[in-house]
Amino acid sequence: MNIQQLEQINAYSWRLPRLFDEKRSEVLLYGSEVLLETMDDKVLEQIRNVAMLPGLVGPAMTMPDAHWGYGFPIGGVAAFDAEQGGIISAGGVGFDISCGIRCLRTNLRVHEIEDDLENLADLLYARIPAGLGTTGDLRLTVPELDEVLRKGAKWALKQGYGLPEDLAFIEEGGCMENAEPDFVSDLAKKRQLGEMGTLGSGNHYLEVQVVEKIYDEEAARAFGISEGQILISIHCGSRGLGHQIGSDYMVILAKEARRLGITIPDRELACVPILSDAGQRYIGAMNAGINCALANRQILTHLTREVFGILFTGSSVDTLYDVSHNTCKKERHIVDGKARDLWVHRKGATRAFGPGHRQLPPEYRSVGQPVIIGGSMGTGSYILAGSDTSEARSFASASHGAGRAMSRHQAKKRWSGREVLDRLKGEGILIRSDSMRGISEEAPEAYKDVDEVAKVTEEAGLARRVAFLSPKVCIKG
DNA sequence: ATGTGC
């Protein structure tokens, strides 16, 4: 991206000046010079288009890890007021509805597992279903799946997956309200009947990590983490169901937008008023997709616990937090001193409630919501916490990952999967995957510098760094 | 992301 066209506000935020006849809201980009310079021009084009949508409140924003996506950029944040004609867009949520990260903390130190890493990798790989089109052990009927879609992680718990104390550390307590299975197509449900408790493919993973460095002692204490501790991060979403809901509603909302005479700058931005019938149906279906993802990560948490229970007798595995990356949620935010209910699209962006937020579990309330920036296979991840400035800067949103720097196609041409695997093994990182092609597409170098993303996220006031985690074992989809 | 796809 040519940053000459941007107006720099400070070291980590930039605005796109409006042409004299340009009808749109403010566009705000968070990022350092180097992150923005390497960002695709498409990101700017896409977020400028978002700024033209009806009912937008505040600026259309991109997070430091933004990259090109379908309609909205990934790393895009935009809030809309339903009462002022605000819209909802399936492209603003993304295909993998409620894709996110469940972070687990163990009572193990790195030296206690070091000699068992190969076994751990093998057993996790054997027990965690991963890869495109993979099914799990569960075969649900449609009425059973409807219950999953209504109850989310609470359903999984009732089936014996997980511990009751997990729920308090999942966004929405593990169950998104107002989920409407009736607004989810039969095809979407059919695709999901065998896919509960599966990781999926692409950038999804289950990673065993060690806490390498603590940045914020107080927050680390609240999150129950310290240097040398073993954590596990599970990155996955709503599988075939979420994808099918996205595909279905992309068509439905586009048709409805045409009927309502809503003009959009890009057909991928198909959207309808939040208060319209189609808008309400999409919200009901999306919420069902969120519950599917929450239940999915809950089952995977249970499978992970089983593996750790087999290999490390007496170990404990607790939920640190579960964050979603692809959602649109109704939240109360202060705008110009006034509280307003806004529908915040976060596509490839993490909710980052600051200290004191009532929806946070009491244990974390004084330090802010855990924000997890998932790295790529070789480069490590960060845990951050929502800060006092998060709400004013970004409607309490922050980066979600390293963000791609290179297309999958480019990455595949550059490295072979074997090459990447061997190199990582040399660095002491064990990878297990069915897909060599996936490994080459997911090469660490195909991603932005996660250290830079985390640092800039903090310096932009979106969230503050708490801990850096380095990978030991990675099960890739 | 995805029973990878105009």
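First the proteins, then the strands, lettered A, B, ... as listed; each starts at 1.
The CD-P distance, from Glu268(A) to dC6(B), rounds to 11 Å in whole Å. Atom-to-atom, CD1 of Ile97(A) to C1' of dT2(B) comes out at 12 Å; the value is rounded to the nearest Å. With rounding to whole Å, Asp248(A) atom CG is found 16 Å from dT2(B) atom P. What separates CG of Asp434(A) from P of dT2(B) is a distance of 14 Å, to the nearest Å. In this structure, the CG atom of Leu132(A) is 13 Å from the C1' atom of dG5(B), given to the nearest Å. Here dT2(B) presents its P atom at 13 Å from CD of Gln244(A), a figure rounded to the nearest Å. Distance CG (Asn326(A)) to P (dT2(B)): 11 Å, rounded to an integer number of Å.
Dashed line: the shortest gap from a side-chain N or O of Ser247(A) to OP1 or OP2 of dT2(B) is not under 4.0 Å.
At the heavy-atom level, Arg408(A) lies under 4.0 Å from the strands shown only through sugar-phosphate atoms. Residue Gly240(A) is in sugar-phosphate contact alone, with no base atom involved, counting any heavy-atom pair closer than 4.0 Å across all strands shown. In this structure, Ser238(A) reaches neither bases nor backbone, as no heavy-atom distance under 4.0 Å exists between it and the strands shown. Residue contacts shown for Glu195(A) are limited to sugar-phosphate atoms, with no base heavy atom under 4.0 Å away. Within the nucleic acid shown, Gly242(A) has no heavy atom closer than 4.0 Å to any nucleic acid atom. Within the 4.0 angstrom heavy-atom criterion, no nucleotide atom of any strand lies near Ile245(A).
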Walk me through whether Gln298(A) and Asp166(A) qualify under side chain to side chain donor-acceptor pair (under 3.5 Å).
CA-CA 8 Å; Gln298(A) 183 65 29; Asp166(A) 289 332; 2.9 Å; yes
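Taking His333(A) as the reference, Glu331(A), Glu391(A) meet the side chain to side chain donor-acceptor pair (under 3.5 Å) condition, with sequence neighbours excluded.
With ring centers used as reference points, Tyr364(A) lies under 6.0 Å from Phe169(A).
Ring geometry for Phe468(A) against Tyr382(A) counts as tilted: the plane angle lies between 30° and 60°, on a 0 to 90° scale.
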Pairs of donor and acceptor atoms involving the side chains of residues 50-78 of chain A, under 3.5 Å and at least two apart or interchain, shall be tabulated with distances.
{"residue": "Asp65(A)", "atom": "OD2", "partner": "His400(A)", "partner atom": "N", "Å": "3.0"}
{"residue": "Asp65(A)", "atom": "OD2", "partner": "His400(A)", "partner atom": "ND1", "Å": "2.6"}
{"residue": "Asp65(A)", "atom": "OD2", "partner": "Gly401(A)", "partner atom": "N", "Å": "3.1"}

